[in-house]
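Step one of this worksheet: look at the structure below.
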There are 2 protein chains.
Amino acid sequence: MTTERADATALADSIRHAGLRVTEPRVAVLGVLENESHIEAERVFRAVLPLVPGTSVQAVHGILAAFTQAGLVRRIEPAHSPALYERRVGDNHHHVVCTGCGAVEDIDCTVGHSPCLTPSSSGGFQIQTAEVTFWGLCPACQAAVPA
Amino acid sequence: MTTERADATALADSIRHAGLRVTEPRVAVLGVLENESHIEAERVFRAVLPLVPGTSVQAVHGILAAFTQAGLVRRIEPAHSPALYERRVGDNHHHVVCTGCGAVEDIDCTVGHSPCLTPSSSGGFQIQTAEVTFWGLCPACQAAVPA
DNA sequence: TCGTTATTTTGAGTAATTCAAAACAAGCAC
DNA sequence: GTGCTTGTTTTGAATTACTCAAAATAACGA
């Protein structure tokens, strides 16, 4: 089966097309991001290390920063949590964060057009984007803390 | 003029009514927060230090944490910035952050009811609150980077 | 005024990241 | 294929923004 090979090639292509050089750690990082919807740098590092021994945490931070800048991944920073990286990019989706366990899920916010993204008064700001974070309890935490 | 005195008394009352003991550093911190709409702990510390010599940064953090928990102030954590504290509390307002200089302004979000706060699919989460952060250019930065 | 308990100081430690210099390697030119 | 240039990564250190804990101190009800 050439599946793994093909995957690596596809990842490499994504990286190349973003205008970045293809390196082992970069392919590994992007691979990890494909498998985890929202993941922090530290966990990316721990997942990459066995795949590409010798990789440093700093490199992972650098790679994630490069990917973010190149638009390959998106970085979100929910309060009380280190930055999370996600592969889903290019659409304007939002997030729910569990106040119990910190779990994060994507939210396709607001049916139809986005009324919420037009503040009633922008205070003279020229608004570029809006970011919505919902806070609540995930199913598991709802079960754990009943009523 | 008893203005300053009266102010201090009012601040002390707010603190007491929140169920907290009134201390010099606490009154000073709350006073600083009354004058700055969005301010970070470090700047609170620098503003308080001359008013109450000997105050420690840790104390300021502790005070802000106590105030936040008591509902006297609200803590926000915009990406790429340390936590900011604001006195305006009890209403569900949102924020614009300048992508140029980091300036923050309040936004009274969404005219009428809040359609934006109802995600189309909540992924099973029991949603408690929604937080909207707008990103854009403040008037000053618009002028500095024309077109 | 006293005593209890909250608060602050003092001193140290941590998490998440950033910076910088040197070693290394991708990928284009030849 | 080989070499070169320039982008990446390693290595080692530093920084920012807090948090933790023990001892000293001070608020405020009794």
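Side-chain atoms are counted along with the backbone in the values below, which use heavy atoms only and exclude waters and symmetry mates. Lettering of chains follows the sequences in order, A, B, ..., and the numbering in each one begins at 1.
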With a non-hydrogen cut-off below 4.0 angstrom, is [X] in contact with a base, only sugar-phosphate, or nothing?
X: Val57(B); answer: nothing
X: Ala66(A); answer: nothing
X: Thr23(B); answer: sugar-phosphate
X: Gly54(B); answer: sugar-phosphate
X: Arg43(A); answer: nothing
X: Ala41(B); answer: nothing
X: Gln58(B); answer: base

Search all heavy atoms of [X] against all heavy atoms of [Y] and return the closest pair with its distance.
X: Arg21(A); Y: Arg26(A); value: O-NH1, 3.0 Å
X: Thr55(B); Y: Ala59(B); value: CG2-CB, 4.4 Å
X: Cys101(A); Y: Cys138(A); value: SG-SG, 3.8 Å
X: His61(B); Y: Ala41(B); value: CE1-CB, 3.5 Å
X: Leu137(A); Y: Gln142(A); value: O-NE2, 2.9 Å
X: Leu72(B); Y: Ser14(B); value: CD2-O, 3.8 Å

> Do Asp106(A) and His94(A) have side-chain atoms, one donor and one acceptor, less than 3.5 Å apart?
Replying inline: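 No, because no side-chain N or O of Asp106(A) sits under 3.5 Å from a partner of the opposite role on His94(A).
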
> What are the bounds, 5' to 3', of the part of DNA chain D that sits under 4.0 Å from heavy atoms of chain A?
Replying inline: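 The footprint of chain A covers dT6(D) to dA13(D).
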
> Want to settle it: does Glu42(B) or Arg21(B) sit nearer the 5' end of DNA chain D, counting the closest nucleotide to each?
Replying inline: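 In this pair, the answer is Glu42(B).
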
>> Heavy-atom nearest nucleotide on DNA chain D for Pro82(B) versus Glu24(B): which residue maps closer to 5'?
In response: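 Looking at DNA chain D, the more 5' nearest nucleotide goes with Pro82(B).
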
>> Under 4.0 Å from a heavy atom of chain A: give me the 5'-most and 3'-most nucleotides of DNA chain C that qualify.
In response: dA16(C) to dG27(C)

> How far does CD of Gln126(B) sit from OG1 of Thr99(A), to the nearest 0.5 angstrom?
Replying inline: 9.0 Å

>> Checking side chain to side chain contact (heavy atoms under 4.5 Å, CB included) between Leu84(B) and each of Val73(B), Val97(B), Ile76(B), which is the one that passes?
In response: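 One option only clears the test, and that one is Ile76(B).
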
